[in-house]
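Just below is one structure, and these are the notes that go with it.
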Amino acid sequence: MSDIRIYNTLSKTKEPFVPLRPPAVGIYLCGPTVYAEAHIGHMVGPVIFDTIKRYLTYCGYHVTWVVNITDVDDKLIAKSHQRGVPMSQIAVEMTADYLANLKELGVNQIDYMPRATDHMSQIISFIESLEKRGYAYASQGDVFFEVAKDPSYGELSNRTTDQQQGEGGEAAARKRSPSDFALWKSAKPGEPAWDSPWGRGRPGWHIECSAMSHHLLGETFDIHGGGLDLMFPHHENERAQSSCCHNAPMVKYWMHNGLMRAGSKGKVGGKGDRESSAESVAELAESKISRSKGGGGLAELIRKQTGERLRFFLLRTHYRSTIIFNDETLSEAGTSLEAFYRLLARFQEITGQSFYDLPVPQTADAALQRIQDANSETLKPFLAERERFLASMSDDFNTGAAISVLFDMLRGLNRHIDQHALGKEAGPSDPGLTTLIDAVAILRELTGILGLFLKAPPQAIGSDDAGESALPHALMEILMDLRKTARANKDFATSDAIRDRLSSLGIALLDKKDGTTWERTK
RNA sequence: GGCGACGUGGCCAAGCGGCUAAGGCAUCGGAUUGCAAAUCCGACAUCCCGGGUUCGAAUCCCGGCGUCGCCUCCA
């Protein structure tokens with residue numbers, strides 16, 4: 001279980017995962033600057049790292065996962081002036097939005113979410129330390145990091161300083177070199193500011209991550225993650241600040257997730273964007289266009305799709321790949337999820353036990369104990385699938401490959417139920433039943449690693465819809481009774497009419513061996 | 001212009017030099033069903049193009065074409 005390999009952006013290769021201080025593992029993920037509502041693209045990192053933490057924990061590691069909240073920044077200040085409300089109020093609102101979205105997507109593994117404004121003293125002393133060591137210089141109230149002093153600058157993003165334009169504008173005049181970047185910015189009138197040795201001001205963009213990761217995870221920690229777009233300048237600058245301040249590497253493994261893209265995949269021959277793609281998803285607020293318009297929409301998307309659907313959608317693709325986001329790929333993810341919900345309902349029908357009440361093994365060791373007690377012969381195919389799943393996860397957290405194994409298990413379980421004709425009347429002595437229960441326990445174990453099916457979805461498939469008032473149920477009983485009589489009399493015209501008319505109301509009737517059930521389809 | 005990623009069946013997507021190129025969606029057969037739905041069985045790609053390396057390449061190298069990203073707002 002320990003042969004995990006991770007793709008390290010710094011070395012551009014997959015490396016064996018060997019933590020610095022096992023079993024402890026420290027992970028820092030760059031969180032949002034809370035100046036606007038989150039969009040679906042912001043969830044890629046949190047979902048994959050939530051899954052990574054679950055898997056590392058499963059493998060026996062003790063993970064500390066930090067996601068920062070940057071709540072002081074130029075964009076926040078601009079927004080504050082624009083709306084005429086304090087910056088802190090915007091930050092509080094947008095942080096709440098972010099947290100609510102994380103919760104919906106099942107991201108609940110985060111240990112610390114430090115805010116930049118709560119760590120001013122750490123930030124200031126970090127800058128002081130850099131200044132003392134000769135890596136930073138003050139200039140008219142600002143403090144800059146002197147890039148030329150760091151020989152390894154540019155190694156992460158693979159670029160040389162002379163390629164860079166540097167931040168232009170009025171700050172350029174106070175810098176020794178265009179590629180130097182601000183650690184501290186002096187306050188202009190009307191801007192939020194904190195006292196510092198250099199006068200009142202606020203931190204530059206990158207320093208909060210260096211200061212807070214140091215504060216919570218130490219000088220060198222295991223994994224630093226973020227979107228590919230943060231590699232430069234953000235991560236390059238963080239790395240420079242931290243390694244120069246501590247004279248030690250900041251991070252052992254740099255991980256960068258791919259970005260999300262609207263529309264369809266580009267195709268040879270130039271017919272990349274099919275008519276429907278680009279526009280139909282513009283409203284979904286993951287493109288730059290809609291972002292600049294300030295269109296939120298993740299909360300609404302969650303309402304339409306459910307958080308689990310989105311989580312599954314994100315996990316279908318390997319984290320380093322570009323995720324193609326459009327109506328089609330999204331609904332496709334939903335369609336395939338339904339098959340799992342049906343299987344889980346089937347399981348409950350047969351065993352009388354809810355899948356969601358089954359224990360989720362927190363570690364591989366705990367799971368193995370259970371498996372050793374089970375009948376290994378009939379369980380063999382499922383155990384082989386379990387191995388394939390874990391091998392995929394260990395290979396740079398290949399959730400896409402792992403999910404494909406889940407589909408194989410899905411088919412295997414349905415086949416098993418069909419072949420053994422397992423139904424409500426299956427007795428506890430039925431040999432097929434014990435295998436089913438053991439195999440489903442494995443499914444529980446594996447889906448738990450991905451953070452899927454942890455609790456029953458809001459609208460459970462099946463007729464026992466929680467929260468449904470009594471009257472619709474009673475009415476449905478009447479209709480189904482009438483239809484039952486019609487079918488018994490071979491009056492299929494009537495029975496089909498009932499089904500068709502209900503169908504147009506969004507209610508599906510499903511005839512099964514031991515009776516008819518109904519469910520809402522929209 | 002500089003740096004980088006990618007191009008696998010109708011769509012999405014694994015694959016990281018060697019079993020019959022995973023899996024999902026869609027489609028088409030079959031089983032089941034009064035008919036459907038669900039479920040199961042089966043069918044469906046030689047991997048953008050052209051060279052090269054190799055006994056052997058979707059996988060490595062070179063050259064095209066195409067798509068996308070970064071180059072101080074970006075997850």
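Letters A, B, ... are given to chains in the order of the sequence lines, protein chains preceding strands, and every chain is numbered from 1.
Within the 4.0 Å cut-off from OP1 or OP2 of B/C40, at least one side-chain nitrogen or oxygen of A/N414 is found. For B/G15, one of the phosphate oxygens OP1 or OP2 lies less than 4.0 angstrom from a side-chain nitrogen or oxygen of A/N398. Here A/S321 reaches the OP1 or OP2 of B/A14: one of its side-chain N or O atoms lies under 4.0 Å away.
Taking 3.5 Å as the limit, the base of B/G34 and the side chain of A/D496 contain a donor-acceptor pair of atoms between them. The base of B/C12 does not come close enough to the side chain of A/N326 for any donor and acceptor atom to sit less than 3.5 Å apart. Remark: the A/R499 side chain and the B/A36 base include a donor-acceptor N/O pair separated by less than 3.5 Å.
For A/F232, taking side-chain heavy atoms from C-beta onward, the closest of the listed nucleotides B/C25, B/C71, B/C40 is B/C71. Closest to the A/N158 side chain, of the nucleotides B/C3, B/U39, B/A22, is B/C3. In the set B/G24, B/C16, B/A14, the nucleotide with an atom closest to the side chain of A/T317 is B/A14. The side chain of A/K14 approaches B/C16 more closely than any other nucleotide in the set B/C16, B/G34, B/A13. Set against B/U39, B/A37, B/C41, the side chain of A/L510 has B/A37 as its closest nucleotide. If you check B/G34, B/G24, B/G2 against the side chain of A/R487, the one that comes closest is B/G34. For A/R411, the listed nucleotide lying nearest its side chain is B/C40; candidates were B/C40, B/C68, B/U72.
For the residue pair A/T70 / A/Y35, no side-chain donor-acceptor distance below 3.5 Å is found, with atom types taken as modelled.
Taking the centre of each ring, A/Y7 and A/Y253 stay at or above the 6.0 Å mark.
In this pair, A/Y135 and A/F145 present their aromatic rings parallel. The plane angle is below 30°, not in the 30 to 60° band. Ring orientation note: the planes of A/H224 and A/H235 are nearly perpendicular, at an angle over 60° on the 30°/60° scale.
Here A/F407 does not count as stacked on B/G24, because the ring centres are not under 5.5 angstrom apart with planes under 30°.
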